Each structure stands twice: as C-alpha cells, then as structure tokens.
Amino acid sequence: MSKSLQRVQSALKEAGIAALIRETDDSARTAEGAAAAVGCAVDQIAKSIIFRGEGSGHLVLFLTAGGNRVDAAKASALAGQRLGKADAGLIRAETGFAIGGVAPVGFLRPVPAWLDPRLLEFGTVWAAAGTPRHVFTIAPSELARLSGARPADFTA
C-alpha cells in the first residue's frame with residue numbers, strides 16, 4: 001500500500017470516520033470516469049483543485065463538485081490574493097500527494113480551503129484517496145470538517 005493511501009486512511013481513522021476506500025481503474029483520473037467507476041453522479045465527485053497563492057507562495061484548495069469549474073476571479077477574491085498554477089513540486093511538498101491523486105485530507109501542512117456548496121446537496125461524495133486509482137466516500141459535512149474547507153460560491 002502506498003504511503004499516500006496510508007496517510008489518507010490514517011487521517012480518516014483519527015477523525016473517527018469509517019470511510020469506504022475503493023480501488024478503481026485508470027478511468028478515475030477524471031470526474032466522469034470516477035463517477036462511472038463508483039456508480040454515482042458526476043457532481044458527487046469532490047475534485048481537489050489546487051492553486052498557488054501568488055502573494056503567499058503557498059497552496060490554496062477548492063473542493064469542487066465534479067461537473068463544476070472554479071471561477072478564477074471568485075476564487076482569488078476568496079483567497080485574498082491572485083491565484084496561479086501550482087507546480088507538481090509545490091503540490092508534493094505541501095500536500096504529500098502527486099498530481100492526479102491529491103486527497104482533500106491528510107495534507108503535510110494545513111492549506112486554506114473552500115467547498116463548493118453543490119457537494120452539500122448529497123448524502124455522500126467521493127474524493128481521491130491519495131493515488132490516481134483510489135477514492136473514498138464521505139459525508140460532505142465531514143469532508144468540510146476534516147479539510148477545514150468553508151462553503152463558498154467560487155464556481156463558474
């Protein structure tokens with residue numbers, strides 16, 4: 001088992017959450033593929049969209065419903081700084097995860113985070129579990145609590 005997957009399992013266990021973690025095939029690299037793999041609606045996939053804060057130099061996380069896109073202006077306003085592309089090295093250094101499998105929990109350091117209110121419309125959602133092939137299910141309210149994400153309007 002990968003260290004990234006173990007870190008996600010540990011974060012969930014420490015929070016008292018008995019989440020179902022499922023291994024998928026390579027199709028789970030997209031929200032549509034992940035939804036098909038686990039049999040849920042595309043919007044039940046919680047995408048971890050990460051930016052680099054141009055002022056801080058650190059990561060900012062937006063947990064977005066699978067069918068939604070982040071609006072750059074709205075996201076920058078929430079973050080209080082211009083947002084740019086986060087490179088793979090910074091993502092790995094601050095989250096401990098590689099691009100394509102960034103889980104919304106188990107980061108190496110706390111990251112400011114916001115949650116798409118669309119996710120709160122579901123009883124459960126699915127998110128990356130630290131690898132491109134693993135996802136886990138969780139109540140959206142628990143996802144917000146664990147990730148520290150605040151519900152906000154940041155989608156296009």
Side-chain angles (χ1 to χ4, degrees), residues 2-12 15 24 26-38 40-122 125-138 140-156:
S2 78
K3 289 180 184 177
S4 295
L5 180 57
Q6 285 177 330
R7 198 166 62 254
V8 171
Q9 282 183 321
S10 293
L12 293 168
T24 66
D26 285 335
S27 67
R29 291 181 181 266
T30 67
E32 294 80 9
V38 299
C40 71
V42 171
D43 278 354
Q44 282 182 272
I45 301 299
K47 300 185 298 188
S48 295
I49 308 297
I50 297 181
F51 295 96
R52 178 184 180 274
E54 296 296 328
S56 68
H58 294 287
L59 298 182
V60 178
L61 171 67
F62 293 88
L63 297 174
T64 310
N68 287 345
R69 296 197 181 280
V70 175
D71 178 284
K74 289 179 182 179
S76 291
L78 285 171
Q81 60 185 318
R82 214 172 98 231
L83 299 176
K85 183 177 173 151
D87 66 40
L90 181 63
I91 291 171
R92 174 74 82 172
E94 293 195 11
T95 70
F97 302 116
I99 292 174
V102 177
V105 300
F107 282 15
L108 297 177
R109 65 179 291 288
V111 172
W114 289 269
L115 181 97
D116 180 351
R118 173 72 173 126
L119 293 169
L120 297 171
E121 297 175 17
F122 299 100
V125 295
W126 291 84
T131 81
R133 296 178 61 101
H134 291 86
V135 292
F136 70 96
T137 186
I138 188 169
S141 59
E142 290 297 309
L143 178 60
R145 181 178 67 82
L146 251 57
S147 64
R150 296 164 286 191
D153 175 21
F154 57 81
T155 58

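Given the structure is predicted, the values throughout are model-derived calculations rather than measurements. Side-chain atoms are counted along with the backbone in the values below, which use heavy atoms only and exclude waters and symmetry mates. One is the number of the first residue; the rest follow in order along the sequence.
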Between [X] and [Y], which heavy-atom pair has the shortest distance, and what is it?
X: S4; Y: G96; value: OG-O, 3.5 Å
X: A79; Y: V60; value: CB-CG1, 4.2 Å
X: A98; Y: R92; value: CB-NH2, 3.4 Å
X: L63; Y: A149; value: CD1-CB, 4.0 Å
X: G57; Y: L90; value: O-CD2, 3.7 Å
X: V125; Y: P140; value: CG1-CG, 4.1 Å

Can you tell me how far apart [atom1] ([X]) and [atom2] ([Y]) are? Round to the nearest 0.5 Å.
X: D71; Y: T64; atom1: CG; atom2: OG1; value: 11.0 Å
X: T131; Y: L5; atom1: OG1; atom2: CG; value: 6.0 Å
X: T155; Y: I49; atom1: OG1; atom2: CD1; value: 11.5 Å
X: S147; Y: E142; atom1: OG; atom2: CD; value: 10.5 Å
X: L12; Y: L146; atom1: CG; atom2: CG; value: 6.0 Å

Spell out, as yes or no, whether a donor-acceptor pair under 3.5 Å connects the side chain of [X] to the backbone of [Y].
X: D116; Y: A65; value: yes
X: K85; Y: I50; value: no
X: E54; Y: L83; value: no
X: Q44; Y: A35; value: no
X: S48; Y: V102; value: yes
X: E94; Y: L59; value: yes

(message) Taking atom CZ as the centre, does R145 end up with more than 12 heavy-atom neighbours from other residues, nucleotides or ligands that are less than 6.0 angstrom away?
(response) yes
Heavy-atom side-chain contact between [X] and [Y] under 4.5 Å:
X: T24; Y: V135; value: yes
X: L61; Y: P112; value: no
X: P104; Y: L143; value: yes
X: R7; Y: L108; value: yes
X: R150; Y: L115; value: no
X: V111; Y: R109; value: yes

(message) Assess whether a salt bridge exists between R52 and D87, defined as any Lys/Arg side-chain N lying under 4.0 Å from an Asp/Glu carboxylate O.
(response) no
(request) Evaluate the criterion side chain to side chain contact (heavy atoms under 4.5 Å, CB included) for residue pair S76 and Q81; output intermediate values, then yes/no. (result) CA-CA 5 Å; S76 291; Q81 60 185 318; over 6 Å; no
(request) If a pair satisfies ring pair (Phe, Tyr, Trp, His ring centres under 6.0 Å) and one of its residues is in residues 75-117, list it, with sequence neighbours excluded. (result) F62-W114
(request) Test I138 against W126 for side chain to side chain contact (heavy atoms under 4.5 Å, CB included), laying out the working first. (result) CA-CA 6 Å; I138 188 169; W126 291 84; over 6 Å; no
